[in-house]
Amino acid sequence: ADVVLPSSAWPEKTGTVTNTDRTVQLGRQALPCPGDARPDLWIILNFEFKSIIRNPTFLIILVIGIINLVVSLVTFSEGYGVQKYPVTYTIINTIQGSFYLFLIAIIVFYSGVLVFKERDVGIDGIKDATPFATGMYFTAKILALIGAIAVMLASTSVVGMLSQLLHGFTDLKIGQYFWSLLVMDM
């Protein structure tokens, strides 16, 4: 086999199954997952997240967004004849102003890619025949997209902190980056 998914077996998970005669069976976890076996959601989420992060389109949009952000951070120190200090809130405002267009592009593009990925390659019938719940695929795709957005925002936080250090400002407020970009803006 080319791909081995160390999935959990029926006695190792809790959930319901609908038979062909439309009866619903409830199953409770009887055994813990052995060895490297993972819950189904974790396997699908890991696969979808890696498919986004390793995609050349994602990397190109991320690099172009970072270049735009770096240009904005290099030129932000003067405005209207007044010297601005690279304090954390101004760096965060610059990140939000110069990078979020690229973030929206990623969200729009990958929302479509994730929804129609199986149909485009013609394996949607195979995916629908697997014993996974449809909601699990949807949940994994949404969480993978949120994870990719978090990676992008974390990378902008690192670029913002490096910009502060290069401008000679050493009072970094990492908690403010985390709160503003990774909590409030998610």
Side-chain angles (χ1 to χ4, degrees), residues 3-8 12-16 29 33 36-73 88-121 123-124 126-128 130-164 172-186:
V3 177
V4 177
L5 299 175
S7 180
S8 57
E12 299 162 352
K13 54 180 128 179
T14 299
T16 59
Q29 183 176 8
C33 294
D36 289 338
R38 301 282 180 252
D40 299 334
L41 179 64
W42 177 253
I43 293 171
I44 298 169
L45 173 63
N46 192 19
F47 177 77
E48 296 292 346
F49 179 72
K50 286 180 181 177
S51 72
I52 294 173
I53 298 297
R54 293 179 180 169
N55 192 315
T57 306
F58 176 82
L59 297 174
I60 289 169
I61 294 174
L62 178 63
V63 167
I64 292 172
I66 294 290
I67 290 170
N68 186 47
L69 176 61
V70 167
V71 169
S72 296
L73 289 172
T88 304
Y89 74 90
T90 60
I91 298 290
I92 290 173
N93 287 340
T94 304
I95 289 171
Q96 291 168 336
S98 64
F99 190 78
Y100 276 28
L101 178 63
F102 298 96
L103 191 64
I104 292 170
I106 288 286
I107 293 169
V108 169
F109 180 75
Y110 279 101
S111 294
V113 167
L114 289 175
V115 167
F116 295 111
K117 180 170 58 171
E118 289 87 7
R119 190 175 75 178
D120 288 344
V121 293
I123 63 168
D124 53 335
I126 297 170
K127 182 197 78 152
D128 289 342
T130 59
F132 299 128
T134 304
M136 187 180 323
Y137 282 110
F138 180 73
T139 303
K141 290 176 185 226
I142 292 293
L143 291 175
L145 186 58
I146 290 170
I149 293 167
V151 166
M152 292 181 76
L153 291 175
S155 65
T156 60
S157 297
V158 170
V159 170
M161 286 184 259
L162 288 174
S163 171
Q164 283 183 295
L172 302 177
K173 306 259 190 249
I174 298 172
Q176 190 172 0
Y177 278 106
F178 178 78
W179 180 256
S180 295
L181 296 177
L182 293 173
V183 174
M184 295 301 294
D185 289 351
M186 285 293 286

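Numbering of residues begins at 1 and proceeds along the displayed sequence.
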*CZ/Phe99 to CD1/Ile64 distance, rounded to the nearest 0.5 angstrom?*
11.0 Å
_Results of side-chain contact (heavy atoms from CB on, under 4.5 Å) for Ser155 - residues two or more places apart only_ = Leu62, Ile66
*Any chance you could measure Asn68, atom CG, to Ser98, atom OG, to the nearest 0.5 Å?*
5.5 Å
Please tabulate, one pair per line, all N/O donor-acceptor pairs under 3.5 Å involving side-chain atoms of residues 144-154, not counting sequence neighbours.
none

_Minimum heavy-atom distance Ile52-Phe58, with the two atoms named_ = O-CB, 3.2 Å
*Any residue meeting side-chain hydrogen bond (donor to acceptor under 3.5 Å, both in side chains) with Lys50, in chain and number order, not counting sequence neighbours*: none
*Taking only residues two or more places apart in sequence, or in another chain, which ones meet Glu48 in a side-chain hydrogen bond (donor to acceptor under 3.5 Å, both in side chains)?*
Lys117
_Which heavy atom of Phe109 sits nearest to which heavy atom of Thr57, and what is that distance?_
CE2-CG2, 3.6 Å
*Between Ile44 and Met136, what is the shortest heavy-atom contact and its length?*
CD1-SD, 4.0 Å
*Gap between atom CG of Asn55 and atom CD1 of Ile106 - 0.5 Å precision*: 8.5 Å
*Taking atom CD1 of Ile91 and atom OG of Ser72, what is their separation to the nearest 0.5 Å?*
10.5 Å
*Under the 3.5 angstrom rule, does the side chain of Ser163 hit a backbone N or O of Val159 as a donor-acceptor pair?*
no
*asked:* How long is the straight-line distance from CG of Leu45 back to CD1 of Ile142, given to the nearest 0.5 Å?
replied: 11.5 Å
*How about Ile92 and Tyr177: do any of their side-chain heavy atoms sit closer than 4.5 Å?*
yes
Using residues 178-186 as the side-chain source, report each donor-acceptor pair under 3.5 Å to any protein atom, sequence neighbours left out, with the distance given to one decimal.
unit_1 : atom_1 : unit_2 : atom_2 : d
Ser180 : OG     : Gln176 : O      : 3.0
Asp185 : OD2    : Gln96  : NE2    : 2.7
Asp185 : OD2    : Tyr100 : OH     : 2.4

*Ile61 CD1 to Leu103 CG distance, which is reported to the nearest 0.5 Å*: 10.5 Å
*Is a side-chain N or O of Lys141 found less than 3.5 angstrom from the main chain of Leu114, in a donor-acceptor match?*
yes
*Thr94: side-chain hydrogen bond (donor to acceptor under 3.5 Å, both in side chains) partners, not counting sequence neighbours*: none
